[in-house]
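Heads up: the structure comes next, in structure tokens.
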Amino acid sequence: MVGLKEELLKSIWHAFTALDLDRSGKVSKSQLKASGAARPRVLSHNLCTVLNVPHDPVALEEHFRDDDEGPVSNQGYMPYLNKFVLEKVQGNFDKVEFNRMCWTLCAKKNLSKSPLLISDEDAFKVWVIFNFLSEDKYPLIIVPEEIEYLLKKLTEAMGAGWQQEQFDHYKIALNTSREGLSAWELIDLIGSGQFSKGMDRQTVSMAINEVFNELILDVLKQGYMLKKGHKRKNWTERWFVLKPNVISYYVSEDLKDKKGDILLDGNCCVEALPDKDGKKCLFLIKCHDKSFEISASDKKKKQEWIQAIQTTVNLLRVGSPPPHKEARQKRKELRQKLLAEQEELERQMKELQTANENKQKELETVRKQLEAAAARAAEEEKKRLQTQVELQDRFSLELEREKMVRQKMEEQVAQKSSELEQYLQRVCELEEMYKQLQEALEDEKQARQDEETVRKLQARLLEEESAKRAELEKWHLQQQQTIQMTEAEKQELENQRMLKEQALQVAMQQLEQLELERKEALEQYEEVKKKLETAANNTKSWKDKVAHHEGLIRLIEPGSKNPHLITNWGPAAFTAAELEQRQKSWKGKKTTSE
């Protein structure tokens, strides 16, 4: 009931602030007597009527009774409203009618006179949505995060693409001036068409109505489907509306003729059915006392309805609010968490800044103390040096005087016994002075230790610098030695290069000589080749002549009974056996020659 009370207060706050009352919300004595005092009475009566709460006019007069001891000075209309009206609300009222009554009281005074791209009905729905999304503090505003959420929902309902960059620019301009928008500024923003360019009035109106149904009327899903009757078993088209705990079905989408409700609880279930009786895309809703067979238009719609109903039943089973209310609560909790973290961070930054300032002051104090100690040490050092010089001078004089006394004592020991006693007395005085000098030196040592504590870091840095300087000098010596060695190696390499160049010139001369000799040998080879070709031609001609003559002078002998061999010049002069014998003889000669 606390959440319902907050939602009712937001709408009533708009209606109340539209009345001509004082800005603090208090009704003065003069206003109770004036004709304007009737307005709170009218508002109270109308609220009791739309909220189904008994109206008690006597309680209103008693709350603002006209006597000095009454609560006129410290009680206003809102405390009366909480005590005598809102505490009695049971939730059995028409939420839209209640909001419309409050809208009627405040719209005429606050609604912009400039023409808008949305109708008055759409402006009313935007106003109700504002009350749902606004922060729980007065005066009511809607923060940029909720504005972005609403504009995204409207853009999605219109089927357009979300312009994140455009909204970021708008958000930056908004954050520089204030924390959020009032209800009337939100209506002007949506009615101006700044985030719905290219969309007609009907599309924008349908989108506003869709978001209104989801966020305000808790409509999770709606659409036409066929329902099977329980008595006549006929199929009738109905407009179904799914809410967090009920599915209502109407004759049409104007919601004027309601035909029934399907009450949902955690024990309900929904399951798909196979096609039958010529009906497709069937599913069954099982409740405590009844089951409902429903046919969707297609498989996609069927799956969407089954999933939406099952999600609603699951939320009822675990006792969770509708998704959009739960999302709104999570967004508020996230903003509160971020605000708390930011405040904690600012507090830590202030603490760190304060600690840093204190530390700076402490460091400044320590620095001044060190400077004072250094000044005191320098002064003491100066005094010590001055005292030391004086003591040295005095001691030198005493030593000179002692030498003179010793010389006189050596010459006149017997006569100067009294002077010896004086001398011993003076030595005692010098010893006493020496002890005093030791004490002064001890004081000086203590002062130098204090000074050493201050200069310790500087001495350490000087030692490190000396070590690094020695190391750099060592590297410098090594580098000079390396350069000298490199110069010697360079001279030796230059000598070797000169020798190699001379050897290369000699080799080039020899190569040119060899090239000339090769050309001469090639010319000789060509001449021998020509002579060889001429001799080969002559030999071939000679072989042809010999073969011709051998064919002409072949002897005529008796023919063999074996078949004769045939050559190019006619029958052969030897048989096959003789040919075989000659081939063996040739092969033997060939083998021997090899």
Using 0.5 Å steps for rounding, measure from the CZ atom of Phe292 to the CD1 atom of Ile262. 4.5 Å
For Leu133, is there any backbone N or O sitting under 3.5 Å from a side-chain donor or acceptor partner on Tyr149? no
Lys/Arg-Asp/Glu bridge criterion (N-O < 4.0 Å) met for Lys325, Asp218: yes
Electrostatic pair Lys286-Glu271, nearest N-O below 4.0 angstrom: yes
Can you tell whether the side chains of Lys153 and Glu214 come within less than 4.0 Å, N to carboxylate O? yes
Hey, is the main chain of Arg100 close enough, under 3.5 Å, to the side chain of Thr104 for a donor-acceptor pair? yes
Plane angle bin for Trp162 and Phe167 - parallel if under 30°, tilted between 30 and 60°, otherwise perpendicular: tilted
For Leu226 and Lys279 the tightest heavy-atom approach is CD1-NZ, 4.0 Å
Looking at side-chain heavy atoms only, is the closest gap between Ile187 and Phe130 below 4.5 Å? no
Does the distance from a Lys or Arg side-chain N to an Asp or Glu carboxylate O, for Glu135 and Arg335, drop under 4.0 Å? yes
Any idea how Tyr138 and Trp13 line up, ring-wise: parallel (<30°), tilted (30 to 60°), or perpendicular (>60°)? tilted
Quick one: does Trp127's side chain get under 4.5 Å of Ser11's, heavy atoms only? yes
Could you check whether Glu346 pairs with Lys350 (Lys NZ or Arg NE/NH1/NH2 to Asp/Glu carboxylate O, under 4.0 Å)? no
